[in-house]
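Reading through the structure tokens given below for one structure.
Read the numbers this way: they start at 1 and go in the same order the structure lists the ligands and their atoms. The chain is numbered in sequence order, starting from 1.
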Amino acid sequence: MKRTITLTVNGVTCEASVEPRRLLVDLLRDELRYTGTHIGCDTGNCGACTILLNGVSVKSCMVLAVQADGADILTIEGVAANGTLHPIQQAFKDCHALQCGYCTPGMIMSTIQLLERNPDPSEAEIRQGISGNLCRCTGYVNIIKAIGCAGRRMRDGE
Ligand code: FES
Ligand code: FES
């Protein structure tokens with residue numbers, strides 16, 4: 001039996017009719033068309049599906065859609081403001097922190113939370129902060145550089 005839920009995604013409130021077993025990532029991608037949230041494993045390992053759920057980064061393949069009833073969700077599509085890249089997105093671009101880009105949305109969502117909690121992370125803290133996100137292209141050196149750069153720019157108010 002389907003259940004109607006209400007959720008706000010990137011500032012837009014919508015209703016959806018979902019089966020209790022439906023994963024949040026599938027609702028976001030297949031019905032609401034926020035396909036920037038990727039699926040890499042479906043088992044909670046890769047972090048490609050990371051979003052912010054009520055301000056907390058979660059792997060959306062590990063959350064049932066019904067659990068998001070009433071929630072405020074941010075996906076990668078909602079990160080840029082008025083066509084201007086978020087400083088984290090800009091830093092990833094500037095530091096060549098992506099190769100195929102498959103992991104990038106999840107990396108950026110985890111980085112948003114990391115820098116909110118710790119605006120000046122050490123390299124070790126950056127590594128810890130993205131430890132739930134795998135990059136199959138193994139581009140970690142530039143990703144870590146980009147996160148450090150984004151932190152600096154955000155602290156400087158750029
Ligand atoms: S698809 Fe969710 S953690 Fe890999
Ligand atoms: S850039 Fe290809 S998986 Fe990370």
Check: Are Arg153 and Cys149 close enough that some pair of their side-chain heavy atoms sits under 4.5 Å apart?
Finding: yes
Item checked: Short N/O/S contact of Cys49 with atom 2 (Fe) of ligand 1 (below 2.8 Å) -> yes
Notebook entry, point to check: When rounded to the nearest 0.5 angstrom, what is the spacing between CG in Leu27 and OG in Ser60?
Noted result: 10.0 Å
Item checked: Asp94/Lys145 salt bridge by N-O under 4.0 Å criterion -> no
Next item on the list: For Cys137, counting its heavy atoms only, list the atoms of ligand 2 lying under 4.0 Å from any of them.
Entry: 1 (S), 2 (Fe), 3 (S)
Margin query: Looking at atom 2 (Fe) of ligand 1, is there an N, O or S atom belonging to Cys61 that lies under 2.8 Å away from it?
Written below: yes
Item checked: Per-atom contacts, ligand 1 versus Gly40 - under 4.0 Å to a heavy atom -> 1 (S)
Next item on the list: Would you mind listing which atoms of ligand 1 come within a distance below 4.0 Å of any non-hydrogen atom of Cys41?
Entry: 1 (S), 3 (S), 4 (Fe)
Next item on the list: Could you list which atoms of ligand 1 come closer than 4.0 Å to a heavy atom of Gly44?
Entry: 3 (S)
Notebook entry, point to check: Would you say Cys100 has an N, O or S atom lying under 2.8 Å from atom 2 (Fe) of ligand 2?
Noted result: yes
Check: Quick one: nearest non-hydrogen protein atom to atom 3 (S) of ligand 2, plus distance?
Finding: Arg136 N, 3.2 Å
Next item on the list: Quick one: do Thr35 and Arg33 satisfy side chain to side chain contact (heavy atoms under 4.5 Å, CB included)? Show the steps, please.
Entry: CA-CA 5 Å; Thr35 54; Arg33 305 307 293 161; 4.2 Å; yes
Check: Is a donor on one side and an acceptor on the other found under 3.5 Å between the side chain of His38 and the backbone of Tyr102?
Finding: yes
Margin query: Test your reading of the model: is there a side-chain donor-acceptor pair from Arg29 to the backbone of Thr37, 3.5 Å cut-off?
Written below: yes
Margin query: Can a donor-acceptor pair be found, under 3.5 Å and without considering hydrogens, that links the side chain of Ser122 to the backbone of Glu125?
Written below: yes
Next item on the list: Indicate yes or no: does Glu19 engage Arg3 in a salt bridge with an N to O separation below 4.0 Å.
Entry: no
Notebook entry, point to check: Can you list the atoms of ligand 2 that are under 4.0 Å from a heavy atom of Cys135?
Noted result: 1 (S), 3 (S), 4 (Fe)
Next item on the list: Just let me know how Asn45 lines up against ligand 1, side chain, backbone, both or neither, with a heavy-atom cut-off below 4.0 Å.
Entry: backbone
Notebook entry, point to check: With a 4.0 Å cut-off on heavy atoms, is Gly101 touching ligand 2?
Noted result: yes
Margin query: Looking at atom 2 (Fe) of ligand 2, is there an N, O or S atom belonging to Cys103 that lies under 2.8 Å away from it?
Written below: no
Item checked: Under 4.0 Å to a heavy atom of Cys46 - the qualifying atoms of ligand 1, by number -> 1 (S), 3 (S), 4 (Fe)
Checklist line | Donor-acceptor contact below 3.5 Å, side chain Lys59 vs main chain Gly132 | finding: yes
Note to self: Treating Ser110 as the side-chain partner and Met107 as the backbone partner, does any N or O pair qualify as donor plus acceptor under 3.5 Å?
What the structure shows: no
Check: atom 1 (S) of ligand 2: which protein heavy atom is closest, and how many Å away?
Finding: Gln99 N, 3.2 Å
Margin query: Below 4.0 Å, non-hydrogen atoms only: which portion of Thr43 touches ligand 1? Side chain, backbone, both or neither.
Written below: neither
